[in-house]
Amino acid sequence: MSTMQVAATHAASSRPVASSAASASSTRLTVKEKIAYSFTDMAGNLLYVTISSYIMYFYTDVFGIPASGAWGASVILLAARFADAIAAVFWGSVVDHTQTKWGQSRPWFLWLAVPFAITVWLAFTAPGLPDGAPKFWYAMCTYILAAGAVYTGIQTPITAILPNLTSDPTERISANTYRMAGGNIGSFITSAFCIPLVGFFGTLVGGGDKAGFMIVTALFGLIAIALLLFSFKNLKEHNYHPEQQKPIPFKDSLRACKGNMPWIILVVAFVIFWIAASTRSGMAVYYSKYVLGNENLTSLFNGVNVLGLLGTLSMPFLVKYTKNKTLTMIIGLIVGIVGQSLMPLAGDSVALAVVFWTIGVLGAAVACGMPFGMLADTVDYGEWKTGIHAAGFLTAFGSTFCIQVGSGLGAFIPLQIMNHFGYVANARQSAASLGAISFCFIWLPVIIYVIVGAIMLLYRKYEKMEPQIKAELAERHARAAGE
């Protein structure tokens, strides 16, 4: 069977009639729907950023797991993240096979809200276990459950639902902007208040940081549950037509990747980008505590991430002005490089460090936000190329897989560098150790941004094809509907 025959067959079996398609394409989402979409990422980041920013510190300085070695935190974070990446592939297929009266992606916000909160709470619970294997395996299992199995089950439908909300490119960018804004707010809450609240509750009830982390993650979990339930109630998958869309076999989902070069480029670039994102957030606590001498400055650095909202809100305007999504992402990377590169000039000045860090935050917000919206376009490319509309699989692999693998490497690499230069938890650091912490916090992201920018230059060729692809898909759907 030829590619065009396959395309026609899949279009006929898995797409709505032409009138429905036209209606879905022209769907304008209400503000309430966009706010509901923003709450999905707000809930996800409220708990996930707590993990990505503080679990490394929790393991080494609270739970008492060594940074490196056979039973070390770096092994946990790397091994678990690759397990999580496999879960992303699984969840993508699960979403593609989900058929309910509520939609494909939306029901997972209801089903996983409570498990998400509970597993994150367990990950930040430090039972009185012996050092070595017992602590290692407790941390490994709870981390995989929280950051992998369950978070991936939340993150996958957050991204996969976008193609089903609307086919309108402008509405997709707008909805994704709301989503990223919500994610920034969730990040801000945990970044600005987690460590101070941990200290407050740890002192209030006794038990120090161990008790503090348990109380704070329980509180964040309750907020996340409320946000996800609101999203479930108020979102609608306008492009979802279960009576006309058949579940996609896993082998067909894999075929949707074949020859999908814009998707492959995004996946490679996004994995590498998340090494920098995870390094920046995870190293903030070490840089504050050991280089600047004030652990509470972590909340200031990570709290400034809320200003990333300005970068996120600028995305639609930058895309409209440049008429170039690839260039918009590269602009974000350049701004991020400038901000990071200025950090050493701050010296001991916290005020200057925060100013330069803020510049980096603005750039990172744009660079991070763009691929989520661009993934919906690669789903269209995959359908145009193979006839298979595998939104769940492609977006899960292109977002959650990238986040998990990149974040795992973003925790593993700095810990290995720190360990090599003599890092010792809760001790006065040597000059070499302090230099390693500064390098990981400042310069490692710069190196990674340059690499990501070079890779994204390859994407522009395929972005230019998008008008042609959308027009041919619309014609194909109309032809299939008339047969």
Side-chain angles (χ1 to χ4, degrees), residues 41 159 162 169-184 187-188 261-281 304-343 345 354-378 398-399 402-403 406 410 442-467:
D41 221 28
T159 307
L162 182 57
T170 302
E171 284 295 285
R172 283 181 176 178
I173 291 292
S174 178
N176 188 60
T177 299
Y178 271 79
R179 171 201 170 173
M180 300 308 297
N184 275 313
S187 297
F188 169 73
M261 284 305 299
W263 177 81
I264 292 171
I265 291 168
L266 271 185
V267 167
V268 173
F270 216 25
V271 166
I272 298 172
F273 173 85
W274 271 95
I275 297 175
S278 180
T279 297
R280 290 176 79 248
S281 62
V304 167
N305 286 332
V306 73
L307 296 179
L309 272 170
L310 299 176
T312 299
L313 294 175
S314 73
M315 289 192 302
F317 302 101
L318 286 172
V319 171
K320 183 178 180 180
Y321 177 76
T322 63
K323 296 181 174 57
N324 189 325
K325 286 175 281 190
T326 306
L327 178 59
T328 299
M329 183 173 175
I330 291 175
I331 288 172
L333 292 168
I334 292 171
V335 173
I337 289 171
V338 171
Q340 291 288 126
S341 300
L342 289 173
M343 287 287 289
L345 299 180
V354 170
V355 169
F356 298 150
W357 175 255
T358 301
I359 295 172
V361 165
L362 294 172
V366 174
C368 179
M370 287 305 301
F372 288 105
M374 296 162 79
L375 277 171
D377 298 320
T378 68
S399 60
C402 297
I403 293 171
I442 297 171
W443 295 112
L444 186 57
V446 170
I447 295 169
I448 293 170
Y449 286 168
V450 172
I451 295 171
V452 172
I455 294 171
M456 285 305 300
L457 290 174
L458 303 175
Y459 187 89
R460 179 57 181 161
K461 168 186 175 182
Y462 300 96
E463 184 181 348
K464 292 178 180 178
M465 298 171 61
E466 288 173 10

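Counting begins at 1 with the first residue of the sequence. All figures in this text were calculated on a predicted structure; none of them were measured in a lab.
In this structure, CD1 on Ile334 lies 12.0 Å from CE on Met329, to the nearest 0.5 angstrom. In this structure, the separation between CZ on Arg280 and CD1 on Ile442 is 11.0 Å, given to the nearest 0.5 Å. With rounding to the nearest 0.5 Å, the separation of NZ in Lys323 from OG1 in Thr328 is 11.0 Å. Note: Met261 CE to Tyr459 OH = 11.5 Å, rounded to the nearest 0.5 Å. Put simply, CG on Leu327 and CZ on Arg460 are 8.0 Å apart, with the number rounded to the nearest 0.5 Å. Here CD1 of Ile173 is found 13.0 Å from NZ of Lys320. Values are rounded to the nearest 0.5 Å.
Side-chain contact between Phe188 and Leu307 is absent, with no heavy atoms from C-beta onward closer than 4.5 Å. For the pair Met374 and Met456, the minimum side-chain heavy-atom distance is below 4.5 Å. A heavy-atom distance below 4.5 Å is not found between the side chains of Glu463 and Asp377.
Heavy-atom minimum distance, Val366 versus Ser314: CG2-OG, 3.9 Å. For the residue pair Asn184 and Thr312, the shortest heavy atom distance occurs at ND2-OG1, 2.6 Å. Nearest heavy-atom pair, Cys402 versus Trp274, reported as atom, atom and distance to 0.1 Å: O-CB, 3.9 Å. Considering every non-hydrogen atom in both Ser278 and Gly410, the closest pair reads OG-C, 3.8 Å. Taking each heavy atom of Ile265 and Leu458 in turn, the nearest pair found is CD1-O, 3.6 Å. The two residues Ala367 and Pro371 have their closest heavy-atom pair at O-CD, 3.1 Å.
Put simply, the residue from Leu266, Val271, Ile272 that forms a side-chain contact (heavy atoms from CB on, under 4.5 Å) with Val268 is Ile272.
Checking side-chain atoms of Thr378 against main-chain N and O of Leu375 turns up a donor-acceptor pair under 3.5 Å.
Ring planes of Phe273 and Phe270: parallel class, angle under 30° (limits at 30 and 60°).
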(Q) Let's go through Leu457 and Thr326 carefully: what are the C-alpha distance in whole Å and the side-chain angles of both, what is the deciding distance for side chain to side chain contact (heavy atoms under 4.5 Å, CB included) to 0.1 Å, and is it a yes or a no? (A) CA-CA 7 Å; Leu457 290 174; Thr326 306; 5.6 Å; no
